[in-house]
Peer 1: 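Dropping a structure here in structure tokens format, bear with me for questions.
What you are looking at is a predicted structure, and each value in this text was computed from that prediction instead of being measured. As the structure lists them, so they are numbered: ligands from 1, and atoms in each ligand from 1. Just so you know, residue 1 is the first one in the sequence shown, and it goes up from there.
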Amino acid sequence: MRAPFSVPTLTVLLACMLLRSSVAEDTTPGERPNIVFLLADDQSTWSMGCYDTPGASTPHLDQLAADGMVFDRHYDTTAICMASRATIMTGLFEYRTGCNFEHGPLTASRWQHAYPVLLRKAGYRTAFAGKFGFEVTPAPGKKGQLPEADFDVWGGGPGQTSYATKKNKSMARYAAQYPHSTRSYGAFGADFIAESAKSAAPFCLSISFKAPHHPVDPDPMFDDVFRDMTFSKPGNYGREFGEHLSQQSRQGRQYERFDSWHYRDRYDETMALYFQQIYAIDYAVGMIRTALRKAGAADNTVVIYTSDNGFMNGSHGYGSKVIPYEESTRVPLIVFDPRHISSGQKLRCQSLTGNVDIAPTILDLAGVPQPDDLDGQSLMPLYDDPTSDGHAFLPLINAWGPREVHSLGVVTTDWKFVYWPWAQGEFTATEELFHLTTDRLELTNVRNDPTQETAVRQMQQLYDQAVRHWQGHAVPHHNYTPFGRLFDRGLSWEQKQAAFSKRKRGAKK
Ligand SMILES: [Ca+2]
């Protein structure tokens, strides 16, 4: 939620001003940084050396982490591809982009305020490659399309794209040398960087890798990296650590994928393939950083790395994503600004950040004025001082998939509260509360613990505030208004249901 960074003391304020001035001294006055934004698809923090994952191998990303800053409480406010990508590009929560599978594409008016459009208007040379993940429509109800014409160089594709480079039309020129798409994006990035370095204009490169999204199809070049390895399991792995979680959370495909995606019976093999796909991304990140050095652009290029959602990987006995638990919503985030005094100190940030913050950060770095009323805020004050405050709280949204699984949560640095409204038949509306400070694995729901009454009340208040924001700010189209009632704890099940049936009878989707 929008909660301005608080600056507790004058000392901290002065320190930040000094840090900022140190940035200015290191760069040519008026010179704007280049920006490289790299996005994985379905990558959990349980996949990287810099997030302490036993057996994973991510040397280039670990180096990026050591060079820059790692964010340890970074959340995707919707943990599914399409919605998260629209949020990342606009800095708005899902109910304000109006964009998700089953709801609809992003409207052109919103897209005009997305960071790639604003940076290009400000003189940046822009490129996109990979899975774009959503379309742009002139108006609700009209057909959408990919905004290819809004980039100087385009290597993007529709839908899920393909792991076979030759099947990705805009990337086909790389197919002979890089038959697997993950490395082809590294090559695309390297070419764009080399070309852009000849230009006086700064550049903004955005790459959205398909990996490690299903279907599992890793690059055979890395078949030996994790072959026959065995991996430690996280402390909340397996069904026995999911029995305390809501009945609603077990109704979606996440539940059966514990079996069908082989977390139960072939854990090591499954994780080896997952890590292999991420290893290929890591390799591509290495290609891109090498290209920055070769082009002489490394000292003035900010690199940001994150994922559109996490992945359960067997935690609590689930596979896949969407649900509001840590492995699905909390994701990797690395920011590296080579011009900054905080770089190279292996700093980590424990403040609360979200995917809504990516666009405001990029706009801030580029010196581009921000659109009014964004839900996110620049991460750069945290890069100045990682101990300063981030968001007071963020929503965790699921308005997709089976209705039983629709949920809204709020997370702070210390707590997570989740509301599951579905109350049909044998179900009753359910609340969950986790003390993340002491229980990052979410092994205990303390919602009904009498010693936690204060925390319950405080988190309910934040939750209700998030619902009011939804009710006051949701786009009028694409069926987001009824969810403002569905998530309202104060309404009966019948009142919630009426919001949906009313739309079904009269309003356009
Ligand atoms: Ca995804």
Side-chain angles (χ1 to χ4, degrees), residues 37-48 51 61 74-90 92-94 97 99-103 105-106 128-135 146 156-163 168 181-182 185 206-218 252-254 257 260-261 263 270-271 273-278 280-282 284-285 304-315 318-334 354-359 394 396-401 405 407:
F37 176 66
L38 305 172
L39 184 70
D41 192 346
D42 293 7
Q43 183 180 357
S44 160
T45 55
W46 189 263
S47 67
M48 300 169 79
Y51 282 96
L61 288 166
H74 183 71
Y75 288 85
D76 283 326
T77 53
T78 305
I80 190 170
C81 310
M82 184 167 166
S84 184
R85 283 152 197 263
T87 288
I88 284 168
M89 285 207 171
T90 60
L92 299 170
F93 296 132
E94 179 188 337
T97 66
C99 182
N100 199 350
F101 304 110
E102 300 173 0
H103 287 266
L106 188 71
F128 180 89
K131 170 176 156 181
F132 198 78
F134 64 89
E135 294 185 336
L146 291 173
Q160 296 290 345
T161 67
S162 175
Y163 279 122
N168 296 326
S181 75
T182 303
Y185 297 132
S206 302
I207 291 181
S208 293
F209 296 97
K210 177 176 174 60
H213 194 285
H214 272 243
V216 177
D217 187 9
R253 63 190 191 184
Q254 298 77 21
R257 282 178 172 173
S260 64
W261 284 359
Y263 297 105
T270 302
M271 293 309 293
L273 294 170
Y274 188 68
F275 292 158
Q276 183 177 340
Q277 292 179 99
I278 290 158
I281 296 178
D282 186 85
V285 170
I304 302 173
Y305 183 89
T306 188
S307 179
D308 67 340
N309 52 259
F311 224 47
M312 294 304 294
N313 283 326
S315 284
Y318 299 97
S320 197
K321 52 211 180 191
V322 174
I323 47 182
Y325 304 123
E326 286 291 277
E327 294 75 13
S328 165
T329 52
R330 191 171 72 90
V331 294
L333 173 66
I334 304 169
N355 54 354
V356 280
D357 299 331
I358 301 295
L394 285 168
L396 301 174
I397 299 163
N398 181 38
W400 175 87
V405 192
S407 65

Peer 1: Angle between ring planes, Phe311 versus Tyr263, binned at 30° and 60°: parallel, tilted or perpendicular?
Peer 2: perpendicular
Peer 1: Measure from the Ca ion (ligand 1) to every N/O/S atom of Asp41 and report the name of the nearest one.
Peer 2: OD1
Peer 1: Give the atom name of whichever N/O/S atom in Asp308 sits closest to the Ca ion (ligand 1).
Peer 2: OD2
Peer 1: Within 3.0 Å of the Ca ion (ligand 1), is there any N, O or S atom belonging to Cys81?
Peer 2: yes
Peer 1: Would you please say whether a donor-acceptor pair under 3.5 Å links the side chains of Glu327 and Tyr318?
Peer 2: no
Peer 1: Salt bridge check: are Asp41 and Arg85 linked by an N-O gap of less than 4.0 Å?
Peer 2: yes
Peer 1: Starting from the Ca ion (ligand 1), look over the N/O/S atoms of Asp42 and name the nearest one.
Peer 2: OD1
Peer 1: Taking 3.0 Å as the cut-off, does an N/O/S atom of Ser84 lie below it from the Ca ion (ligand 1)?
Peer 2: no
Peer 1: Do the rings of Phe128 and Phe132 sit parallel, tilted or perpendicular, given the 30° and 60° boundaries?
Peer 2: perpendicular
Peer 1: Any luck finding a side-chain donor-acceptor pair between Asn355 and Ser84 under 3.5 Å?
Peer 2: yes
